[in-house]
Amino acid sequence: MSGNTAGWLHPTSTVGSTRLYMVGAFVGALVLLAFSAVAGWPITKSRAAEDPATLAANAAIGTCLTWTRSDAGDLAVVDCGQPHLFEVTGSADISAQYPAGAPFPNEAAWQKAAAGGCTASATGYLGKLDPMGRYVVGALKPTGAQWTSGDRSLRCGLQRSTPSGQLVPTAGTARGADQSNVYPAGDCLALVGKAAGGPVKCGDTHSYEIVGIVDLRGQFPDGYPPVGQQQTALGKLCQPLVASYTSNANLGQYQLSATWDTISEQSWAAGSYRVNCKIGVSLPDGSGLGPVTNSVRNIGKAGVPAVTSAPPSGG
């Protein structure tokens with residue numbers, strides 16, 4: 001990438017710039033599913049064995065669940081090899097904190113209850129949980145009607161989610177999987193405010209485009225490398241991926257920057273060694289990420305659709 005040095009944006013934390021959107025979110029690596037707390041799931045005698053509440057309550061550890069409706073009313077059990085939104089790791093009884101007659105908890109209380117009740121089962125299920133990794137701890141909570149009837153159980157599980165609450169489908173069991181929070185080359189991540197979100201079409205406004213993945217374990221076989229060493233290595237390893245992906249484009253021409261993630265010591269200890277190499281635009285005032293439209297793939301070649309990004313003012 002000769003002449004492209006102005007296009008390199010060096011991350012300054014172990015979190016990495018893709019994870020900037022994690023600031024202030026997922027304390028304790030927690031996601032609560034927004035199941036209906038008022039209407040609940042309709043249960044009829046003929047469908048009692050198939051209704052979502054029953055499926056969730058009876059799902060064995062290791063079961064994978066998915067749905068498409070916002071109220072999860074079409075929740076179904078699927079093979080874990082298929083795209084899914086939830087993998088069951090256990091259950092938690094919160095009746096000690098919420099005895100009969102206790103009011104239905106607010107979202108902050110649900111988060112506290114699920115963090116206390118579900119983190120241990122998720123960690124035990126995985127062996128080690130990367131606190132900044134691919135998976136976050138989730139909980140299926142009772143509906144308002146179930147709560148009134150005395151149900152104080154949570155179904156604990158693992159999900160992949162963005163801080164804005166967008167659930168990202170994942171395929172394959174989480175047990176034994178690499179927990180590195182990476183995406184395939186060619187994926188574009190949404191722009192949520194001034195932060196990165198989940199995958200979107202690259203023709204839509206987005207924050208980053210993934211151009212490749214680097215595994216750092218081979219570079220540092222003796223153990224966790226300090227962030228400075230990671231950055232030095234990634235500057236060399238990501239550069240050819242960026243050059244190949246963009247056909248040696250001058251990123252500065254498009255006000256774009258190439259960057260990468262780095263790995264925290266906790267993530268390394270959990271077995272996460274892979275990071276994203278990606279391209280985006282950082283707003284000049286340092287307030288976050290700017291919008292990019294269209295893919296950067298092969299933009300160095302004639303005839304490839306133009307990429308647009310935030311102007312120098314960040315406006």
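Count residues from 1 along the sequence. Given the structure is predicted, the values throughout are model-derived calculations rather than measurements.
- In this structure, Q159 contributes its side chain and L167 its backbone to no donor-acceptor pair below 3.5 Å.
- When hydrophobic clusters are built by joining Ile, Leu, Val, Met, Phe, Trp and Tyr residues whose side-chain heavy atoms come closer than 4.5 Å, directly or via intermediates, V292 is grouped together with L251.
- Here the side chain of S121 pairs a donor or acceptor atom with the backbone of C118 at under 3.5 angstrom.
- Both V214 and F220 belong to a common hydrophobic cluster when Ile, Leu, Val, Met, Phe, Trp and Tyr are linked at side-chain heavy-atom distances under 4.5 angstrom.
- In this structure, D187 and C202 approach most closely via the heavy-atom pair C-SG, 4.4 Å.
- Aromatic ring pairs are classed by plane angle as parallel below 30°, tilted from 30° to 60° and perpendicular above 60°; the pair W147 and W110 is perpendicular.
- With hydrogens and angles disregarded, a donor-acceptor distance shorter than 3.5 Å links the side chain of N276 to the backbone of N181.
- At least one donor-acceptor pair closer than 3.5 Å links the side chain of D74 to the backbone N or O of T68.
- Shortest non-hydrogen contact noted between P142 and L154 is CD-CD2, 4.1 Å.
- Counting only heavy atoms from C-beta outward, the side chains of L158 and T170 never approach each other to under 4.5 Å.
- The distance from the CG atom of D79 to the SG atom of C64 is 7.5 Å, given to the nearest 0.5 Å.
- Closest non-hydrogen pair, S295 versus Y245, comes out as OG-OH, 4.1 Å.
- A side-chain contact (heavy atoms from CB on, under 4.5 Å) with S272 holds for exactly one of Q179, R217, R134; it is Q179.
- Across every non-hydrogen atom of F86 and C156, the tightest pair is CZ-C, 3.6 Å.
- Side-chain atoms of T293 do not come within 3.5 Å of backbone N or O of D204 as any donor-acceptor pair.
- Between the CD1 atom in I279 and the OG atom in S257 there is a gap of 9.5 Å [rounded to 0.5 Å].
- If you chain together hydrophobic residues whose side chains sit under 4.5 Å apart, F104 and Y98 fall into the same group.
- To the nearest 0.5 Å, the span separating CD on Q266 from NZ on K128 amounts to 12.0 Å.
- Within the 4.5 Å cutoff, the side chain of T173 has heavy atoms near those of the Y125 side chain.
- Follow the hydrophobic side-chain contacts under 4.5 Å out from Y183 and you never reach V200; the two are in separate clusters.
- Formation of a donor-acceptor pair under 3.5 Å by the Y273 side chain with backbone atoms of I263 is not found in this model.
- Here the CD-CG distance, from E209 to N294, works out to 9.5 Å after rounding to the nearest 0.5 Å.
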_Trace of the side chain to side chain donor-acceptor pair (under 3.5 Å) decision for D151 with S149_ = CA-CA 6 Å; D151 189 346; S149 70; 6.0 Å; no

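- Side-chain N or O atoms of H84 include none that pairs as donor or acceptor with a backbone N or O of P169 at under 3.5 Å.
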*Working for side-chain contact (heavy atoms from CB on, under 4.5 Å), residues Y208 and T259*: CA-CA 9 Å; Y208 286 123; T259 186; 3.8 Å; yes

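- Put simply, the side chain of E87 gets close to the backbone of A174: a donor and an acceptor are under 3.5 Å apart.
- Listed here is the closest heavy atom pair of I61 and R175: CG2-NH2, 4.4 Å.
- Side-chain contact check for T246 versus L256: every heavy-atom pair is 4.5 Å or farther apart.
- Cluster membership check: V168 does not share its hydrophobic cluster with W67, using side-chain heavy-atom separations under 4.5 Å among Ile, Leu, Val, Met, Phe, Trp and Tyr.
- Contact between P291 and V281 at its shortest, heavy atoms only, is O-CG1, 3.9 Å.
- Although no hydrogens or angles enter the test, the distance criterion places no donor-acceptor pair under 3.5 Å between the side chain of S180 and the main chain of V182.
- Taken from OG1 in T205 to CG in L191, the straight-line distance is 7.5 Å, to the nearest 0.5 Å.
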*List the steps, then state whether side-chain contact (heavy atoms from CB on, under 4.5 Å) holds for L216 with L237.*
CA-CA 9 Å; L216 286 176; L237 295 169; 4.2 Å; yes

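- Judged by distance alone, the side chain of R274 and the main-chain N or O of I213 form no donor-acceptor pair under 3.5 Å.
- With values rounded to the nearest 0.5 angstrom, D215 atom CG is found 7.5 Å from D178 atom CG.
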*May I have the step-by-step check of side-chain contact (heavy atoms from CB on, under 4.5 Å) for Y224 and S267, ending in yes or no?*
CA-CA 10 Å; Y224 178 73; S267 295; over 6 Å; no

*Go through the steps for R152 and I94 under the test side-chain contact (heavy atoms from CB on, under 4.5 Å), then give the verdict.*
CA-CA 5 Å; R152 297 294 187 268; I94 59 172; 4.2 Å; yes

